[in-house]
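Model, not experiment: these values are computed from the prediction. Worth knowing before you read on, the calculation uses all heavy atoms, side chains too, and leaves out hydrogens, waters and symmetry mates.
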Amino acid sequence: MATASIHKGHRERLKQRFLKEGLDQFTDIQALELLLFYAIPQRDTNPIAHALLDRFGSLSQVLDASFEELKKVPGISDHSATLLTLVTELARYYQVDCAQRVECLTTLEACGSYLVPYFFGRSSETVFLLCLDAKCKVLCCKEVGQGSVNSASISVRKVVETALAANATTVVLAHNHPSGVALPSEEDILTTRRIAAALNAVEVHLADHVVVADGDYVSIAQSGCRFDEFLLP
């Protein structure tokens, strides 16, 4: 009973500290402890938080870990693993929701900033198509494939169909490099050329192709490439 009372007091103190100060002064251990309180109501979560960090190395790596990998840590149940994997997904949902409050994107910089949140926490390469009307109003931002932008799983036809379905005048293509290097490859450029040509054939303008990594992006258009020069004869 005495041990349970100590744990209860520790939980309450940690919760009150968070409410007063936020997480800025918390260690990784303390932040994980606090989060796990809501999945593990009775046990001391400190050893479990240590076990998670010992296995994955850092708080961000814990939150990026898969459900299956998290379950391998002693003390992590289905409930706990679900909560931990929810954090990154919810953070991306929040960032995308904030970005979507912007109705018009009139510059390439604005398009790049709009697209970055869609890739937060993603561990696999994903491709999105941002569709705009003639006044640069956002029509939609749709996922058009998984895998690298030049892979067989990314269909040029799907990109074109998505643009046409949205009745887009202008589109911006975006994909991420989970490796952390936001530099377009030669294959990225060649695929961009094919997509630009296919879109041009249906009178849709490809304004940019954005490569995202680690919360930042590189604009192929702003790197010196003009997309009208990519068009096939």
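Residues D208 and S219 have side chains that bring a donor and an acceptor to within less than 3.5 angstrom of each other. Side-chain contact of Q146 with E143: a donor-acceptor pair under 3.5 Å is present, judged by distance alone. Between N46 and E33, the side chains place a donor N or O and an acceptor N or O closer than 3.5 Å (distance only, hydrogens not considered).
Hydrophobic clustering of Ile, Leu, Val, Met, Phe, Trp and Tyr side chains at less than 4.5 Å, counting indirect connections, keeps Y217 apart from I220. With hydrophobic clusters built from ILVMFWY side chains whose heavy atoms lie under 4.5 angstrom apart, V62 shares a cluster with I76. The hydrophobic clustering, which links ILVMFWY residues whose side-chain heavy atoms are closer than 4.5 Å, places F119 and L108 apart. Criterion: ILVMFWY side-chain heavy atoms under 4.5 Å apart, direct or through other members. Under it, F26 and Y38 are part of a common hydrophobic cluster. Cluster annotation: L139 and L164 are assigned to distinct hydrophobic clusters (Ile/Leu/Val/Met/Phe/Trp/Tyr, side-chain heavy-atom contacts under 4.5 Å, transitive).
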For L183 and V211, what are the C-alpha separation, side-chain angles and deciding distance, and is it a side-chain contact (heavy atoms from CB on, under 4.5 Å)?
-> CA-CA 7 Å; L183 293 176; V211 183; over 6 Å; no
Please test V212 against V218 for side-chain contact (heavy atoms from CB on, under 4.5 Å), starting from the C-alpha separation and ending with a verdict.
-> CA-CA 7 Å; V212 179; V218 169; over 6 Å; no
Could you go through the salt bridge (Lys or Arg N to Asp or Glu O under 4.0 Å) check for E161 and R157 one step at a time?
-> CA-CA 6 Å; E161 289 177 345; R157 178 177 178 178; 2.9 Å; yes
Trace of the side-chain contact (heavy atoms from CB on, under 4.5 Å) decision for L173 with I195 | CA-CA 9 Å; L173 190 69; I195 291 173; 3.6 Å; yes
Can you list the steps and then say if R55 with E69 is a salt bridge (Lys or Arg N to Asp or Glu O under 4.0 Å)?
-> CA-CA 10 Å; R55 181 176 182 88; E69 287 299 313; 3.2 Å; yes
Given V159 and V171, is the side-chain contact (heavy atoms from CB on, under 4.5 Å) satisfied, shown in steps?
-> CA-CA 10 Å; V159 171; V171 298; 5.8 Å; no
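The backbone N or O of T82 sits less than 3.5 Å from a side-chain atom of T85, completing a donor-acceptor pair. Between the D188 side chain and the S185 main chain, a donor and an acceptor come within less than 3.5 Å of each other. T88 places a side-chain N or O within donor-acceptor distance of the main-chain N or O of L63, the cut-off being under 3.5 Å. Within the 3.5 Å criterion, the main-chain N or O of T126 finds a donor-acceptor partner in the side chain of N176.
Atom NZ of K137 sits in a sparse spot, with 12 or fewer heavy atoms from other residues, nucleotides or ligands closer than 6.0 Å. Under a cut-off of 6.0 angstrom, the local environment of OH in Y94 is sparse, with at most 12 non-hydrogen atoms contributed by other residues, nucleotides or ligands. The 12-atom threshold is not exceeded at CG of N167, counting heavy atoms of other residues, nucleotides or ligands nearer than 6.0 Å. By the neighbour-count criterion of 12 heavy atoms within 6.0 Å, atom CD of E203 is sparsely surrounded, having that number or fewer from other residues, nucleotides or ligands.
Within the 4.5 Å cutoff, the side chain of V116 has no heavy atoms near those of the D216 side chain. Within the 4.5 Å cutoff, side-chain heavy atoms of E125 are placed close to those of P178. Put simply, the side chain of Y114 reaches to within 4.5 Å of the side chain of C141, judged on heavy atoms. Inter-residue side-chain proximity for F37 and L14 is flagged as met; some heavy-atom pair is nearer than 4.5 Å. Using a 4.5 Å cut-off on side-chain heavy atoms (C-beta onward), V138 and L132 make contact. Taking 4.5 Å as the limit, every side-chain heavy atom of F56 sits out of range of all side-chain heavy atoms of D64.
Of all heavy-atom pairs between S58 and L53, the closest is C-CD2, 3.5 Å. For the residue pair Q30 and Q25, the shortest heavy atom distance occurs at OE1-O, 4.2 Å. For T162 against C131, the heavy-atom pair with the smallest separation is O-SG, 4.3 Å. Here the closest heavy-atom approach between residue V73 and residue A51 is recorded as CG1-CB, 3.8 Å. Nearest heavy atom pair, residue A207 against residue T170, reads CB-CG2, 3.5 Å. Closest of all the heavy-atom pairs between V87 and L35 is CG2-CD2, 3.7 Å.
Summarising the geometry, atom NE2 belonging to H79 is positioned 10.5 Å from atom CG belonging to L36; distances are rounded to the nearest 0.5 Å. Between the SG atom of C136 and the CD atom of E103 there is a distance of 13.0 Å, given to the nearest 0.5 Å. Here the OH-CG distance, from Y93 to L86, works out to 12.0 Å after rounding to the nearest 0.5 Å. The distance from atom CZ of R11 to atom CG of L34, rounded to the nearest 0.5 Å, is 9.5 Å. Going from atom CG of L59 over to atom CG of L84 covers 9.5 Å, rounded to the nearest 0.5 Å. To the nearest 0.5 Å, atoms OG1 (T107) and CG (L105) are separated by 7.5 Å.
Aromatic ring orientation, H209 versus H175: tilted (interplanar angle from 30° to 60°).
With a 6.0 Å cutoff to the six-membered ring centre and a 45° limit on the axis angle, R92 does not count as a cation-pi contact of Y118.
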